[in-house]
Amino acid sequence: MKKSPQTSENTQADATRLIDARIADLGDWRGKTLARVRALIHEAVPEVLEEWKWRGTPVWSHAGIICTGETYKTYVKLTFAKGASLNDPKGLFNSSLEGNMRRAIDIHEGAEIDEDAVKALISAAAALNAVKKPARSKKPAKD
């Protein structure tokens, strides 16, 4: 079943409201960090879509998932869905380094955020999502 544009807009509004509530509910450095990272995501990709998935995870998408924003007791984690395919010249990725697809940035209390580098990663992830993969050609049938 296809969603109507209004349903899609309501989903976006709901996700935005839920992310706002998560930030407010945290009420500590984690909420401030998540809010700052969220702002950087919007600066890097103004047309980003906010989603709320997997029983309470903020997700930012543009032609596919860019990253998620999870909060834990001692850190805020930004997990990039295709992080292993991104160039990370500033070495921001410090978690989930062993996987074939994802990479993450764990931000601990008091850590400095290299805002320009984070925005560059966000932009690169959105650009990677926008690249259309070439259609797989069908092999000719063997006689």
Side-chain angles (χ1 to χ4, degrees), residues 1-140:
M1 182 175 160
K2 232 178 180 185
K3 290 183 179 180
S4 71
Q6 187 170 0
T7 302
S8 180
E9 289 172 16
N10 288 341
T11 302
Q12 171 73 31
D14 289 344
T16 296
R17 182 182 47 76
L18 289 166
I19 295 169
D20 288 342
R22 166 69 51 83
I23 290 167
D25 287 347
L26 287 167
D28 60 9
W29 70 270
R30 295 171 302 161
K32 290 177 184 170
T33 301
L34 186 59
R36 184 65 200 132
V37 169
R38 180 191 199 188
L40 294 174
I41 293 167
H42 282 275
E43 289 172 23
V45 183
E47 58 280 353
V48 71
L49 174 68
E50 292 192 324
E51 300 174 278
W52 188 258
K53 295 185 177 195
W54 309 300
R55 300 178 196 204
T57 302
V59 177
W60 291 276
S61 299
H62 186 271
I65 294 174
I66 295 173
C67 67
T68 63
E70 304 143 72
T71 53
Y72 297 94
K73 191 173 188 175
T74 60
Y75 58 95
V76 173
K77 179 184 283 289
L78 288 182
T79 302
F80 287 73
K82 297 179 183 176
S85 299
L86 297 174
N87 187 17
D88 180 20
K90 297 288 187 169
L92 296 179
F93 291 131
N94 60 11
S95 181
S96 303
L97 301 175
E98 63 285 341
N100 292 332
M101 289 291 289
R102 295 182 314 213
R103 293 287 184 271
I105 303 169
D106 290 352
I107 305 168
H108 295 270
E109 184 173 11
E112 289 289 322
I113 297 173
D114 185 335
E115 295 184 356
D116 290 334
V118 170
K119 289 194 302 188
L121 273 178
I122 300 289
S123 295
L128 180 61
N129 285 348
V131 173
K132 299 274 186 204
K133 292 183 181 175
R136 291 173 50 173
S137 63
K138 293 184 180 181
K139 292 183 181 179

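Taking the side chain as every heavy atom from C-beta outward, Ile105 and Ser95 never approach each other to under 4.5 Å. Between Leu40 and Ile113 the shortest side-chain heavy-atom distance falls below 4.5 Å. Within the 4.5 Å cutoff, side-chain heavy atoms of Thr71 are placed close to those of Arg22. Within the 4.5 Å cutoff, the side chain of Trp54 has heavy atoms near those of the Thr68 side chain. No side-chain heavy atom of Ser61 sits less than 4.5 Å from a side-chain heavy atom of Val48. When side chains are defined from C-beta on, Ile65 does not count as touching Phe80, because their heavy atoms never get closer than 4.5 Å. Between Trp52 and Thr16 there is no side-chain heavy-atom pair separated by less than 4.5 Å.
Among residues two or more places apart in sequence or in another chain, the side chain to side chain contact (heavy atoms under 4.5 Å, CB included) test is passed with Ala124 by Leu86. Looking at residues two or more places apart in sequence or on another chain, you find a side-chain hydrogen bond (donor to acceptor under 3.5 Å, both in side chains) between Asp28 and Arg30. Checked against salt bridge (Lys or Arg N to Asp or Glu O under 4.0 Å), Lys32 has no partners two or more places apart in sequence or in another chain. Asp25 meets the salt bridge (Lys or Arg N to Asp or Glu O under 4.0 Å) test with no other residue; sequence neighbours excluded.
The two atoms that bring Ile23 and Ala35 nearest to each other are CD1-CA, 3.8 Å, heavy atoms only. Heavy atoms only, all atoms of each residue included: Ile122 and Cys67 are closest at CD1-SG, 4.0 Å. Scanning all heavy atoms of the two residues, the minimum distance from Ile66 to Ala126 falls at CD1-CB, 3.9 Å. Ser123 and Val45 make their closest contact through CA-CG2, 4.3 Å (heavy atoms, listed as atom of the first residue, atom of the second, distance). Counting all heavy atoms, side chain and backbone alike, Gly64 lies closest to Asn129 at O-ND2, 3.0 Å.
Applying the salt bridge (charged side-chain N to carboxylate O under 4.0 Å, His left out) test to pairs two or more places apart or on separate chains, those with a residue in residues 39-59 are Arg36-Glu43, Arg38-Glu50, Glu43-Lys119, Glu51-Lys53. Among pairs with a residue in residues 59-75, none fulfils salt bridge (charged side-chain N to carboxylate O under 4.0 Å, His left out), at least two apart in sequence or across chains. Every pair passing ring pair (Phe, Tyr, Trp, His ring centres under 6.0 Å) that includes a residue from residues 99-121 is listed here, sequence neighbours excluded: Tyr75-His108. Residue pairs that meet the salt bridge (charged side-chain N to carboxylate O under 4.0 Å, His left out) test with at least one member in residues 88-114, sequence neighbours left out, are Lys77-Asp106.
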